[in-house]
Chemist: 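Let me give you the structure first, and then I'll get to my questions.
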Amino acid sequence: MAKAKTELVIVESPAKAKTIEKYLGGDFKVIASMGHLRDLPRSTIGVDIANDFTPEYIPVKGRESIVSDLKKSAAAAKVVYLATDPDREGEAISWHLKELLEIPEEKARRVTFNEITKRVVMDSISAPRDIDMDLVNAQQARRVLDRLVGYKLSPLLWRKLGKPRLSAGRVQSVATRMVVDREKEIRAFVPEEYWLLDVLLDRCTQEGSFTARYYGDGEKKRELHSEEEVDGIVRDVEGKHFTVQSVKRGEKQRSPSPPFITSTLQQEASRRLGMTPVRTMSVAQQLYEGIDITDHGTIGLITYMRTDSLRVSDEALASAREFITGHYGSEFYPGAPRTFKARAGAQDAHEAIRPSNIMLTPESIKKDLTGEQYRLYRLIWGRFTASQMSNAVYSNLVIDAACEGHVFRANYSEIKFPGYTAVYEESRDEENEEVKKPLPDLTEGEAMEAKKYGREQRFTQPPARYTEATLIRALEEKGIGRPSTYAPTISTITGREYVAKEGHYLKPTPLGETVSSLMGEYFKDIVDLKFTARMEDSLDEIEEGKKEWKQVLREFYGGFDSELNEAEKALDGVRIKVPDEESDELCDVCGRKMVVKNGRFGRFLACPGFPDCTFTKPIVIEMPGKCPKCAGRILKRTSKSGYTYYACEKGAECGFMSWNVPVKDNCPECGKTMFKLSGKGQKKPFCINEACANFLPEEKRGYKKKTTGTKPDARKTTKKAEK
């Protein structure tokens, strides 16, 4: 007869349970709770406000059999290890399990795993602790606060706007306001004219030329605001020799970025991999909980992914040094471990996000991972490894050429020592860096002859709309929310249709603007960024044992309840209409300007003349630039096979379409819209006009995706269409 297992370990997920059970074996039984088993009820507010905000927790419906099995296992075990995630939420789940399963104090043990490796699991099991009630109370305070706001405000929105799916919340309402405020900035923006003036300079005594841009008068930098200013400078220097005024050579070093925390991982995965924050966290959870790796068994590949700490363990730093010096050479290691300072208010309970074992390189385990797991692991592994490497060194050259007191400047930078860039380079929100040619070896006083002037009129641009990545960064910088809230917040405001995604950018809908305006008028504290940040600080103080959680609730509810009563009186009998979002598209039937509507399958365009006119059509996304064949608009389309392509708005009448992405830049030679490759590869734009001297044939455009199925035929069609 098999010996009964006397020690029980409870975790949240089956994947985590499977990994840990392999490490423990013996007398240990590991069971998954499948997440929360006790929570506030869904049908009622579940908070007894009159009884000092006492939460009314109940078992989660549909989990009865799990609760029953866990109760039996807990009763039979000598010791119960509550091994849920190492954060506020995980601590609260452990506490709820202890209460719901009626586990006696003397049997309950709390353990946490910053990474799920055999060493960490065994060390944690051998050193359990009590449940940290400060952590639990911080989570209870957040849960009750969010329930009070949601259940008190949401019905008011339903009644006044006539939409039953609306919701309000502490963090989501602030995030919506930030997107709305950015849109107001964009609308109010008044562009200012400015000009760029370039000159192509030839050496007088030997071969060599370069382009320099107008810098200013003497040592003073000057901006050009009109064509008249540009013409005046050209008149001053035209037909006269330039002189090399200065040649400055130097070195510049660039340090690596710190390892990821939750927010930076979500930002970089969004920019570089195109992953939504929710998807990023889901895949990161898989990497944390454990993957079956050939010759290693099931192992957690990364440390816990909900953290805002930049701390790294001494053991991990030593492993990084060993790996870097062994694989790249001692010159790629800076000589001492790098440490990074976290932002003010960051919690230091966990390490930064890093690989559990740096020796498991992404390529070595690629065959054991899904595509998403591999790409995200490669990102995390690369960022951490680079964070412990030497600086990248660049040699810089700056040349000033002067004529009649006017200075034109050219600069060039090239990498001298790759350092950390041999492993990882951080992406940018906007890929707009110019690719510059090397400069000739000039000497001060050398004469130059102007061959050609180039002038370009530009206008200052409004602030860019938020992307998911930049909104997360802004929330973090302003102290709104915490690592666990970023992804669900963005998911909520897009799911509630307060914010719509247009390409990579977030734009408020009329519904979002209406709700944000209503909240701003009647619930100023809820949408006030500083108030919300202070509330996050209060929750942190509860966690640190500096504040009593119910006192925080009392202080908040007094003002909130007063605002709620005032709003109810002011809006009594009022019904607020959400304006239609008007588009630039005209109805094909009656010619009216179409409006954006929301349906079961997302947003679409509809004629405002309904029910007299019932015409609808899909939303089109207009791309920058003009059709190179007829100068019409270029629209983003999706093929029946699900591939994205770009076509002229006139369709078959024009015939232009391309798999390459149009960009805002025009070809300097022919003036037509330039394109770049799709995806995350080469970003340099190219000209597709075969009659242009700058035309770049398809075989020279760089990285080309492998194609299968119907796509190669589509590419042949593209080549014909582009011609």
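None of the values given here were measured: they were computed from a predicted structure. Values below: all heavy atoms of this structure, side chains included; hydrogens, waters and symmetry mates excluded. Index from 1, following the sequence.
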Chemist: Would you say the side chains of Ser167 and Gln172 form a donor-acceptor pair under 3.5 Å?
Modeler: yes
Chemist: Taking side chain to side chain contact (heavy atoms under 4.5 Å, CB included) as the definition, give me every residue that meets it alongside Asp132, ordered by chain and number, with sequence neighbours left out.
Modeler: Glu91, Arg129, Asp134, Leu135
Chemist: Would Glu372 and Arg375 count as a salt bridge (Lys or Arg N to Asp or Glu O under 4.0 Å) here? Give the steps.
Modeler: CA-CA 5 Å; Glu372 283 186 318; Arg375 290 192 295 274; 5.0 Å; no
Chemist: Could you give the distance from CE (Met275) to CD (Gln266), rounded to the nearest 0.5 Å?
Modeler: 12.0 Å
Chemist: More than 12 heavy atoms of other residues, nucleotides or ligands under 6.0 Å from NZ of Lys107: is that the case?
Modeler: yes
Chemist: Looking at Thr112, is its backbone amide N or carbonyl O close enough to the side chain of Ser124 to form a donor-acceptor pair, meaning the two atoms are under 3.5 Å apart?
Modeler: yes
Chemist: Please round to the nearest 0.5 Å and tell me the distance separating atom CE of Met305 and atom CD1 of Ile353.
Modeler: 8.0 Å
Chemist: Tell me whether Ser387 contacts the main-chain N or O of Phe384 through its side chain, where contact means a donor paired with an acceptor under 3.5 Å.
Modeler: yes
Chemist: Are more than 12 heavy atoms, taken from residues, nucleotides or ligands other than Lys550, located less than 6.0 Å from that residue's NZ atom?
Modeler: yes
Chemist: Do the numbers put Arg182 on top of the ring of Tyr466, so that NZ or CZ is under 6.0 Å from the six-membered ring centre and no more than 45° off the axis?
Modeler: yes
Chemist: So, the side chain of Thr509 versus the backbone of Glu497: is there a donor-acceptor pair under 3.5 Å, distance only?
Modeler: yes
Chemist: May I ask you to check if Arg38 and Trp95 form a cation-pi contact, with NZ or CZ under 6.0 angstrom from the six-membered ring centre and within 45° of the axis?
Modeler: yes
Chemist: Any donor-acceptor pair under 3.5 Å linking the side chain of Asn137 with the backbone of Met133?
Modeler: yes
Chemist: With a 4.5 Å heavy-atom cut-off, do Lys152 and Ile49 have their side chains touching?
Modeler: yes
Chemist: Is there side-chain contact between Lys29 and Leu8, with at least one heavy-atom pair below 4.5 Å?
Modeler: yes
Chemist: For the backbone of Val499 and the side chain of Thr176, can you confirm whether one donor and one acceptor N or O come within less than 3.5 Å of each other?
Modeler: no
Chemist: Does the Thr492 side chain pair with the main chain of Pro488, one donor and one acceptor, at a distance under 3.5 Å?
Modeler: yes
Chemist: Taking the side chain as every heavy atom from C-beta outward, state whether Leu265 and Arg383 have any pair of such atoms under 4.5 Å apart.
Modeler: no
Chemist: Any chance you could lay out the side chain to side chain contact (heavy atoms under 4.5 Å, CB included) test for Leu360 and Tyr377, step after step, and finish with the verdict?
Modeler: CA-CA 10 Å; Leu360 292 177; Tyr377 180 68; 3.8 Å; yes
Chemist: Under a 4.0 Å threshold between the charged nitrogen and the carboxylate oxygen, would Lys530 count as salt-bridged to Asp537?
Modeler: no
Chemist: Are any non-hydrogen side-chain atoms of Arg554 and Asp52 less than 4.5 angstrom apart?
Modeler: yes
Chemist: In Å, rounded to the nearest 0.5 Å, how long is the span from CG of Leu157 to CG of Leu571?
Modeler: 10.0 Å
Chemist: Using a cut-off of 6.0 Å, state whether more than 12 heavy atoms not belonging to Asp314 lie near its atom CG.
Modeler: no
Chemist: Indicate yes or no for a side-chain donor-acceptor contact from Ser517 to the backbone of Thr514 under 3.5 Å, with no hydrogens or angles considered.
Modeler: no
Chemist: What ring pair (Phe, Tyr, Trp, His ring centres under 6.0 Å) pairs are there with at least one residue in residues 530-559, not counting sequence neighbours?
Modeler: Phe53-Tyr557, Phe556-Phe560
Chemist: If only side-chain N and O atoms count, and only distance matters, is there a donor-acceptor pair under 3.5 Å linking Arg142 with Gln139?
Modeler: no
Chemist: Using only atom types and a distance under 3.5 Å, with no angle test, would you say the side chain of Ser309 pairs donor to acceptor with the backbone of His350?
Modeler: yes
Chemist: Strictly by ring pair (Phe, Tyr, Trp, His ring centres under 6.0 Å), give each pair with a member in residues 116-173 just once, sequence neighbours left out.
Modeler: none
Chemist: Do Tyr57 and Gln140 pair up side chain to side chain, a donor and an acceptor below 3.5 Å, judged on atom types alone?
Modeler: yes
Chemist: Do Arg143 and Pro55 have side-chain heavy atoms sitting under 4.5 Å apart?
Modeler: no
Chemist: Crowded around Glu105 CD? As in, over 12 foreign heavy atoms under 6.0 Å?
Modeler: no
Chemist: State whether Glu476 and Arg473 are salt-bridged, where the test is any N-O pair (Lys NZ or Arg NE/NH1/NH2 against Asp/Glu carboxylate O) under 4.0 Å.
Modeler: no
Chemist: Return the CD to OG distance between Glu268 and Ser263, rounded to the nearest 0.5 Å.
Modeler: 11.5 Å
Chemist: Side chains of Glu568 and Asn565: donor-acceptor distance under 3.5 Å anywhere?
Modeler: no
Chemist: Going from CD1 on Ile480 to OG1 on Thr489, what distance comes out if it is rounded to the nearest 0.5 angstrom?
Modeler: 10.0 Å
Chemist: Within the side chain of Arg177, is there an N or O that forms a donor-acceptor pair under 3.5 Å with the backbone of Val527?
Modeler: yes
Chemist: Could you measure the distance from the CZ atom of Arg170 to the CG atom of Leu145? Nearest 0.5 Å is fine.
Modeler: 5.5 Å
Chemist: Arg110 and Thr84: side-chain donor and acceptor closer than 3.5 Å?
Modeler: yes
Chemist: Quick one: are Phe113 and Tyr288 in side-chain contact, heavy atoms under 4.5 Å?
Modeler: yes
Chemist: Going by distance alone, is a donor N or O of one side chain under 3.5 Å from an acceptor N or O of the other, for Lys18 and Thr298?
Modeler: no
Chemist: Do Leu301 and Leu369 come close enough that some side-chain heavy atom pair is under 4.5 Å?
Modeler: yes
Chemist: Under 3.5 Å, is there a donor-acceptor pair between the side chain of Thr264 and the main chain of Phe260?
Modeler: no
Chemist: Identify the two heavy atoms, one from Ala32 and one from Ser13, that lie closest to each other, and give their separation to 0.1 Å.
Modeler: CB-C, 3.4 Å
Chemist: State, yes or no, whether a side-chain contact exists between Pro259 and Phe340 at a heavy-atom distance under 4.5 Å.
Modeler: yes
